[in-house]
Amino acid sequence: MNFEATLRPDEGYYLGGSFTFTFQVSPSYPHEAPKVKCKTKVYHPNIDLEGNVCLNILREDWKPVLNINTIIYGLNLLFSQPNDEDPLNHEAAAVLRDNPQKFQRNVQMAMSGGYVDNTHFPRCK
């Protein structure tokens, strides 16, 4: 079972953005976590430029009692509270930690279809 879900954060740095994720659910679900990738290129400490997502419940903290709704909730939480302590995008995490105002500007530039550190981001607002 494969499907997509689009998240539109209603608060935080990513307010007004639209981010699409692909879900690949294996036949061994719920004993194995779905594979989730972000199709939207995003400047985010927990999502790398290839769309890999760093969310603990997709890895070591997955349990069969969790479900797709739990993952959606976790993804929403990543957008409302990005985590600079467990990053995939180390540069974005360092900016978030050291200069939150610059991080906010970088997120807005990326979501508007601009460049951040020589990397182009397609518009997602």
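Residues W62 and P30 share a closest heavy-atom pair of NE1-O, 2.9 Å. The two atoms that bring Q108 and K125 nearest to each other are OE1-NZ, 2.9 Å, heavy atoms only. Smallest separation of non-hydrogen atoms from Y115 and N118: CD2-C, 4.0 Å. What you find for H120 and G113 is that their closest heavy atoms are NE2-O, 3.1 Å. Residues V107 and Y13 approach most closely at CG1-O, 3.4 Å, considering heavy atoms.
Within the 4.5 Å cutoff, side-chain heavy atoms of L78 are placed close to those of V53. Looking only at side-chain heavy atoms (C-beta outward), Y29 and N67 come within less than 4.5 Å of each other. Side-chain contact between F103 and P45 is present, with at least one heavy-atom pair separated by less than 4.5 Å. Counting heavy atoms from C-beta outward, E4 and K39 have side chains that approach closer than 4.5 Å. Counting heavy atoms from C-beta outward, F121 and N106 have side chains that stay 4.5 Å or more apart. By the 4.5 Å heavy-atom criterion applied to side chains, S112 and R123 are counted as neighbours. Proximity of Q24 to P34: side-chain heavy atoms (C-beta onward) are nowhere separated by under 4.5 Å. Taking 4.5 Å as the limit, every side-chain heavy atom of N46 sits out of range of all side-chain heavy atoms of L88.
Rounding to the nearest 0.5 Å places OG of S26 at 10.5 Å from CG of N2. In this structure, the separation between SG on C38 and CZ on F19 is 7.5 Å, given to the nearest 0.5 Å. Expressed to the nearest 0.5 Å, how far CD1 of I72 lies from CG of N69 amounts to 7.5 Å. Residue T40 holds its OG1 atom at 9.0 Å from CG of L7, rounded to the nearest 0.5 Å. Rounding to the nearest 0.5 angstrom, the gap separating the CD atom in E85 from the SG atom in C54 is 11.5 Å. The line from CD1 of I47 to CZ of F21 is 4.0 Å long, rounded to the nearest 0.5 Å.
Under 4.0 Å is where a charged nitrogen must lie from a carboxylate oxygen, and between R59 and D86 at least one such pair does. In summary, K35 and E32 engage in a salt bridge, as defined by a charged side-chain N under 4.0 Å from a carboxylate O.
Formation of a donor-acceptor pair under 3.5 Å by the T70 side chain with backbone atoms of L66 is not found in this model.
Under the 4.5 Å side-chain heavy-atom criterion for grouping Ile, Leu, Val, Met, Phe, Trp and Tyr, Y43 is connected to M109 within one hydrophobic cluster. Note on F3 and V36: same hydrophobic cluster, where clusters join Ile, Leu, Val, Met, Phe, Trp and Tyr whose side-chain heavy atoms are under 4.5 Å apart, directly or indirectly. Following chains of ILVMFWY side-chain contacts shorter than 4.5 Å, one cannot reach L15 starting from L96, and the two form parts of different hydrophobic clusters.
Note: H44 and Y14 meet the aromatic proximity criterion, with ring centroids under 6.0 Å apart.
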Before you tell me yes or no, could you show the steps for T20 and T6 under side chain to side chain donor-acceptor pair (under 3.5 Å), namely the whole-Å CA-CA distance, both residues' side-chain angles and the distance that decides it to 0.1 Å? CA-CA 4 Å; T20 302; T6 300; 3.1 Å; yes
Test side-chain contact (heavy atoms from CB on, under 4.5 Å) on E91 and V116; report intermediate values, then the result. CA-CA 11 Å; E91 294 80 14; V116 177; over 6 Å; no
